[in-house]
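In what follows, a structure is listed as structure tokens, so that the remarks can point back to it.
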Amino acid sequence: MADPATPLVVVAATANQHKLDEMRAVFGAAIELLPRPAEVPEVVEDADSFVGNARLKAVAIAEASGHVALADDSGLEVDALDGAPGVESAYYGGGDHDDAANRARLVSELSGVAVAQRTARFRTVMVLRWPDGREVVAEGSCEGRIGEQEKGDQGFGYDPLFVPDGSDGRTFGEHSADEKNVISHRSRACLALLTELGFTD
Ligand code: ITT
């Protein structure tokens, strides 16, 4: 699919600068991510799965740009909420990408739930799509639990509420960008993609 000696130039389907920064940090020189073309209309993400929504975004950008496109669809799955917010993560609180409202609803829904039952995971599914329809799919996840209150102001979205397993009890909101990228769902999906493409062993 790719020549490991040559950087793969890809148009990003994401409009989320935090995601772009996290992906670029992992891809390094292997994949050059160009910004999402401003003229492409927002994609309606109405699939019922992460891979479905990632594919909708990747196809839209590949067709509009004529270039290979990379989409990331991500979200949080909370076991005590039967996997919610899941694909509804971006608008769980009622607004559209209102991170504060999303976190407030999550805190409220989990009110009174014991620590042991607050298990959750972030998931990322990436679809790399060529204009001729070829594609590579890569996934990553990060297990953890949902804190009772927000802590930290790093990252974005649900980061101030998510305490990753194997860390020291800090939320992702209390992790530096580099620390988050060592263990995050997104960095794991990026590494899986690099492996699929032959950039790593
Ligand atoms: P796109 O342009 O790539 O679609 P988006 O922000 O709309 O960017 P998603 O559709 O994948 O992204 O929505 C995922 C939501 O899940 C996002 O709005 C965040 O609230 C949350 N989320 C995803 N990844 C996260 C992360 O690494 N840390 C915290 N929250 C995250």
Side-chain angles (χ1 to χ4, degrees), residues 10-26 33-38 40-62 64 69-78 81 83-107 120-129 138-147 150-164 167 170-190:
V10 165
V11 180
T14 184
N16 182 325
Q17 187 63 43
H18 295 280
K19 286 185 177 182
L20 265 183
D21 292 344
E22 290 181 13
M23 290 191 275
R24 283 182 172 139
V26 181
L33 266 184
L34 304 179
R36 184 185 199 280
V40 181
E42 200 174 320
V43 177
V44 178
E45 299 178 38
D46 56 3
D48 61 2
S49 64
F50 294 121
V51 68
N53 282 326
R55 185 170 288 120
L56 286 173
K57 293 185 272 192
V59 168
I61 298 300
L70 178 63
D72 161 321
D73 200 65
S74 304
L76 184 65
E77 294 177 341
V78 179
L81 302 176
V87 292
E88 298 179 4
S89 291
Y91 46 91
Y92 189 56
D96 183 15
H97 291 86
D98 184 340
D99 287 348
N102 293 338
R103 292 192 298 267
R105 177 169 178 198
L106 185 58
V107 168
R121 73 207 49 77
F122 270 126
R123 287 187 57 209
T124 291
V125 179
M126 290 181 177
V127 172
L128 184 66
R129 178 95 179 188
E139 303 191 23
S141 64
C142 180
E143 298 287 330
R145 63 179 173 80
I146 306 301
E150 296 183 19
K151 288 185 185 167
D153 56 6
Q154 303 295 301
F156 68 103
Y158 298 92
D159 281 344
L161 287 172
F162 185 80
V163 180
S167 190
R170 287 177 298 147
T171 67
F172 265 162
E174 298 172 296
H175 282 58
S176 69
D178 286 347
E179 287 176 318
K180 179 182 175 186
N181 246 357
V182 172
I183 55 175
S184 82
H185 44 301
R186 183 161 298 104
S187 66
R188 287 170 174 158
C190 288

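As the structure lists them, so they are numbered: ligands from 1, and atoms in each ligand from 1.
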Exercise for review: Check if Arg36 has a non-hydrogen atom at a distance under 4.0 Å from any atom of ligand 1.
Suggested key: no
Point to revise | Closest protein heavy atom to atom 9 (P) of ligand 1, given as residue, atom name and distance to 0.1 Å | key: Lys19 NZ, 3.5 Å
**Study point:** Side chain, backbone, both or neither: Phe122 near ligand 1, heavy atoms under 4.0 Å
**Key:** side chain
**Study point:** Residues Leu33, Met23; criterion side chain to side chain contact (heavy atoms under 4.5 Å, CB included); working and verdict
**Key:** CA-CA 8 Å; Leu33 266 184; Met23 290 191 275; 3.8 Å; yes
Review point. Quick one: nearest non-hydrogen protein atom to atom 24 (N) of ligand 1, plus distance?
Key: Arg186 NH2, 3.0 Å
Revision key, fill the gap. Under 4.0 Å from one or more heavy atoms of Ser89, ligand 1 contributes atoms 15 (C), 16 (O)
**Study point:** Under 4.0 Å to a heavy atom of Asn16 - the qualifying atoms of ligand 1, by number
**Key:** 2 (O), 6 (O), 8 (O)
**Study point:** Mode of Asp99 contact toward ligand 1 - side chain, backbone, both, neither (heavy atoms, under 4.0 Å)
**Key:** side chain
Practice item. Tell me yes or no: between the side chains of Ser74 and Asp72, is some donor less than 3.5 Å from an acceptor? Key: yes
Point to revise | Atoms of ligand 1 close to Asp73 [distance to a heavy atom under 4.0 angstrom, numbered from 1] | key: 9 (P), 10 (O), 11 (O)
Practice item. Check ligand 1 against Asp159 and write out every atom of the ligand that is under 4.0 Å from a heavy-atom position of the residue. Key: 26 (C), 28 (N), 29 (C)
Practice item. Specify the protein heavy atom at minimum distance from atom 25 (C) of ligand 1: its residue, its atom name, and the distance to 0.1 Å. Key: Phe156 CZ, 3.3 Å
Check your understanding: Among protein heavy atoms, which sits nearest to atom 3 (O) of ligand 1, and what does the distance come to when rounded to 0.1 Å?
Key -> Thr14 OG1, 2.7 Å
Exercise for review: Give the residue, atom name and distance (to 0.1 Å) of the protein heavy atom nearest atom 10 (O) of ligand 1.
Suggested key: Glu45 OE1, 3.0 Å
Review point. So which heavy atom in the protein is nearest atom 2 (O) of ligand 1, and how far is it from that ligand atom?
Key: Ala15 N, 2.9 Å
**Study point:** Heavy-atom nearest option to atom 21 (C) of ligand 1, drawn from Tyr92, Phe172, Tyr158
**Key:** Tyr158
Exercise for review: Please check if any side-chain donor atom of His175 sits under 3.5 Å from a side-chain acceptor atom of Ser167, or the reverse.
Suggested key: yes
Exercise for review: Could you tell me how the ring of His185 sits relative to the ring of Phe122: parallel (under 30°), tilted (30 to 60°) or perpendicular (over 60°)?
Suggested key: parallel
Review point. What distance separates Glu22 CD from Gln17 CD, expressed to the nearest 0.5 Å?
Key: 11.0 Å
Check your understanding: Would you say His18 contacts ligand 1, with heavy atoms under 4.0 Å as the rule?
Key -> no
**Study point:** Qualifying residue, where the test is side chain to side chain donor-acceptor pair (under 3.5 Å) with Asp73 and the options are Arg55, Arg123, Lys57
**Key:** Lys57
**Study point:** Thr171 vs Phe162, side chain to side chain contact (heavy atoms under 4.5 Å, CB included): CA-CA, chis, key distance, verdict
**Key:** CA-CA 5 Å; Thr171 67; Phe162 185 80; 5.8 Å; no
Point to revise | Nearest non-hydrogen protein atom, atom 23 (C) of ligand 1 | key: Ser74 CB, 3.5 Å
Exercise for review: For the pair Val87 and Asn53, evaluate side chain to side chain contact (heavy atoms under 4.5 Å, CB included) and give the outcome as yes or no after the intermediate values.
Suggested key: CA-CA 8 Å; Val87 292; Asn53 282 326; 4.1 Å; yes
Practice item. Could you check which of Gln17, Lys57, Glu88, His97 puts a non-hydrogen atom nearest to atom 5 (P) of ligand 1? Key: His97
Practice item. In sequence, state the C-alpha distance, the side-chain angles, and the governing distance for Ile146 and Val107, and then conclude on side chain to side chain contact (heavy atoms under 4.5 Å, CB included). Key: CA-CA 8 Å; Ile146 306 301; Val107 168; over 6 Å; no
Point to revise | Atoms in ligand 1 flagged as close to Lys180, the criterion being non-hydrogen separation under 4.0 Å | key: 26 (C), 27 (O), 28 (N)
